[in-house]
Each structure stands twice: as structure tokens, then as C-alpha cells.
Amino acid sequence: MTTAPYRATERTVPTRSAERASYNPELVHAILDDAYLCHLGFIRDGVPVVLPTLYARVGTRLYVHGSTGSRPLRGAKDPGLAVCLTVTHLDGIVLARSAFHHSINYRSVVVHGTAREVTDPAERAEALDAIVDHIVPGRADDSRRANAKELAATAVVRLDLDEVSAKVRTGGPNDDPEDLALPYWSGVLPVTRSYGTPIPADDLTSSTPLPGYLSAH
């Protein structure tokens with residue numbers, strides 16, 4: 001089934017390099033699903049604030065969680081909090097012959113909307129499981145879920161994927177023709193993500209096996 005593109009708005013059309021923008025839901029979702037950390041921006045007391053936080057996508061919704069004492073999460077109570085959420089992957093460092101044309105290859109998503117507190121117990125449970133499994137698939141079923149006291153201290157907010165766009169840069173440097181003969185190396189230095197060997201907790205029982213979902217990393 002083909003999903004309709006996201007609607008381009010004044011806030012989601014870039015003012016620079018607009019040709020790199022995409023409103024394709026499959027691309028947007030792939031970029032979101034391949035990252036762990038987002039940056040959540042909002043206005044607090046008339047001043048812009050940006051916080052890094054974990055998140056998860058469930059269908060056309062994003063979920064973030066935090067302490068019930070967190071100001072942005074308190075602000076997500078009815079009628080909600082206007083936010084801008086971003087996710088970025090750095091895929092390569094682009095080295096041009098001129099300093100001006102140095103750049104990066106990247107994949108990014110920007111979401112505008114209203115973050116709202118999730119109060120339905122079933123949706124909260126789904127969201128918290130999704131956040132854990134987004135970081136390490138399979139981990140939610142392989143850990144103790146939050147108890148009543150922990151749930152009371154945890155706020156969950158939802159941001160619908162409605163006003164959203166992706167932006168991607170790929171390829172090599174865009175050197176000016178008159179610079180091509182300069183004696184400077186140009187090209188792309190790829191940047192990749194890797195995982196190290198899992199390190200057990202100091203108090204882990206020696207008989208506890210390494211989960212299969214970690215062995216795959």
C-alpha cells in the first residue's frame with residue numbers, strides 16, 4: 001500500500017538546498033528508525049530550549065519520556081506544548097579543495113507539532129516498551145517493566161508525524177571548476193556507527209548468558 005507524502009508547509013520547506021528535502025513517509029520513517037537520540041526544542045519562559053532525549057516511533061507517532069518533574073513534559077499537559085523535534089545522522093565528511101565548499105553527508109528529519117501527554121495506561125505501556133525496544137530490539141521482554149511507583153514518576157508525551165520533512169545530502173564535494181587543478185585532496189571521509197563488545201555489570205551473576213540480541217551486534 002502506497003502512503004501519501006507528507007504535506008509540505010512553510011515550516012518544512014528548507015530555505016536553502018530545497019532540492020534535498022523529501023516528504024516521502026518511507027524515507028522519513030527509515031531515518032527515524034535508524035537513530036536513537038533526538039533533540040526536542042520548545043520555548044520556556046520566552047527563551048528557546050533544546051534537550052537531547054531518547055524516543056521511539058510507533059506508526060505515525062513519536063514518543064518521548066522523562067521525569068514528571070521535567071518542565072517540557074509538564075508543559076505537554078492539555079492543551080499541549082509546541083515543539084520542534086530533530087534527528088540527524090552524520091554519514092560522511094566532505095572535503096573540498098576550497099574551505100567554502102567543505103560539507104557533510106547526512107540524513108535528517110524535522111518534525112513540527114504539538115506534544116501531548118499520554119495518560120491512557122495501555123498507550124503508556126506500549127510507548128515505554130517501544131522506547132526500550134527501539135534502543136535494543138527485544139529488550140522490553142527481557143527486563144522488569146516499570147512498577148507503579150516508577151510509572152508515577154514517568155511522563156510520556158506523544159508527537160504526531162504530521163508536519164514533517166526529511167533532508168539528505170549524498171555524494172562528493174562541489175568544487176568550483178577553477179579549483180579543480182589545485183593540489184589539495186578532495187573527497188569524502190565516511191562516518192559509520194559501530195558497537196563494541198558488551199561489558200557485563202560488575203554484579204552480574206556469572207551464569208547469566210549474553211542475550212542473543214546482543215550477540216548480533
Side-chain angles (χ1 to χ4, degrees), residues 2-57 60 62 64 72 81-115 131 134-136 159-197 216-217:
T2 301
T3 304
Y6 288 111
R7 179 176 56 92
T9 70
E10 183 179 357
R11 296 194 295 186
T12 61
V13 176
T15 57
R16 185 173 182 272
S17 300
E19 73 281 359
R20 294 176 183 166
S22 172
Y23 306 92
N24 183 318
E26 292 183 356
L27 176 62
V28 168
H29 297 171
I31 293 172
L32 291 172
D33 293 348
D34 196 32
Y36 301 132
L37 189 69
C38 71
H39 286 85
L40 184 69
F42 56 96
I43 300 297
R44 183 177 69 189
D45 299 331
V47 178
V49 178
V50 178
L51 298 177
T53 185
L54 300 175
Y55 71 95
R57 181 182 70 87
T60 58
L62 293 182
V64 301
L81 179 68
V83 301
C84 177
L85 182 147
T86 66
V87 168
T88 303
H89 301 269
L90 174 61
D91 295 324
I93 299 172
V94 181
L95 304 173
R97 293 173 176 84
S98 68
F100 179 80
H101 285 301
H102 279 62
S103 186
I104 61 170
N105 285 339
Y106 63 88
R107 291 164 291 144
S108 65
V109 165
V110 176
V111 185
H112 295 276
T114 301
I131 291 171
H134 179 59
I135 305 305
V136 180
L159 178 61
D160 292 331
L161 291 173
D162 181 31
E163 193 174 1
V164 55
S165 65
K167 194 175 181 184
V168 177
R169 188 202 190 278
T170 60
N174 296 319
D175 277 310
D176 294 327
E178 59 269 26
D179 290 336
L180 297 182
L182 293 175
Y184 309 120
W185 189 91
S186 65
V188 177
L189 180 64
V191 177
T192 59
R193 184 175 67 202
S194 64
Y195 300 93
T197 302
H217 286 304

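Just so it is clear, the values below take in all heavy atoms, side chains as well, and ignore hydrogens, waters and symmetry mates. These numbers come from a predicted model, not from an experiment.
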- Between V164 and V28, what is the shortest heavy-atom contact and its length? CG2-CG1, 3.8 Å

- Message: How long is the straight-line distance from SG of C84 back to NE2 of H112, given to the nearest 0.5 Å?
- Response: 4.0 Å

- Query: Do V168 and R20 have side chains that get closer than 4.5 Å, going by heavy atoms?
  - Reply: no

- Item | L62 vs V111 side-chain heavy atoms within contact, under 4.5 Å | yes

- Message: Using side-chain contact (heavy atoms from CB on, under 4.5 Å), reason through L85 and H39 one step at a time and then give a plain yes or no.
- Response: CA-CA 6 Å; L85 182 147; H39 286 85; over 6 Å; no

- dist L54:CG -> H134:NE2 (nearest 0.5 Å) comes out at 8.5 Å

- Task: To the nearest 0.5 Å, tell me how far K167 NZ sits from T88 OG1.
- Result: 10.5 Å

- Within a strict 4.5 Å, meaning less than it, do heavy atoms of the V47 and I43 side chains meet? no

- Message: Under the rule for side-chain contact (heavy atoms from CB on, under 4.5 Å), what residues qualify as partners of T197, not counting sequence neighbours?
- Response: none

- Message: Within the 4.5 Å heavy-atom criterion, are V94 and N105 side-chain neighbours or not?
- Response: yes

- Item | Stepwise side-chain contact (heavy atoms from CB on, under 4.5 Å) test for L159 and V64 | CA-CA 8 Å; L159 178 61; V64 301; over 6 Å; no

- Query: Of all heavy-atom pairs between A8 and Y23, which one has the smallest distance, and what is that distance?
  - Reply: CB-CZ, 3.7 Å

- Message: Between R107 and D34 (salt bridge meaning N to carboxylate O under 4.0 Å), is one present in this structure?
- Response: yes

- With distance as the sole criterion, is a donor-acceptor pair present between the side chains of T12 and E163 under 3.5 Å? no

- Message: Could you tell me if the side chain of V191 sits less than 4.5 Å from the side chain of I93, heavy atoms only?
- Response: yes

- Query: To the nearest 0.5 Å, how far apart are CD1 in I135 and OH in Y55?
  - Reply: 8.0 Å

- Task: Could you tell me the separation between the OG atom of S98 and the CG atom of N174, rounded to the nearest 0.5 Å?
- Result: 9.5 Å

- Query: Nearest heavy-atom pair of A35 and V87: which atoms, and what distance?
  - Reply: CB-CG1, 3.4 Å

- Quick one: sort the Y6 and H29 rings into parallel, tilted or perpendicular, breaks at 30° and 60°. perpendicular

- How long is the span from the OG atom in S108 to the CZ atom in R169, to the nearest 0.5 Å? 13.0 Å

- Aromatic ring proximity H89/Y106, centre distance under 6.0 Å: no

- Task: Start with the C-alpha gap between T60 and D160, add the side-chain angles, then the distance that decides, and say whether side-chain contact (heavy atoms from CB on, under 4.5 Å) holds.
- Result: CA-CA 6 Å; T60 58; D160 292 331; 5.8 Å; no

Indicate every side-chain donor-acceptor pair of residues 176-190 with a distance under 3.5 Å to a residue at least two apart or in another chain.
from, atom 1, to, atom 2, distance (Å)
D176, OD1, H101, NE2, 3.1
D176, OD2, H101, NE2, 3.3
S186, OG, R97, NH1, 3.1

- Task: Over all heavy atoms of both residues, which pair between P25 and A4 is shortest? Give the atoms and the distance, please.
- Result: CG-O, 3.2 Å

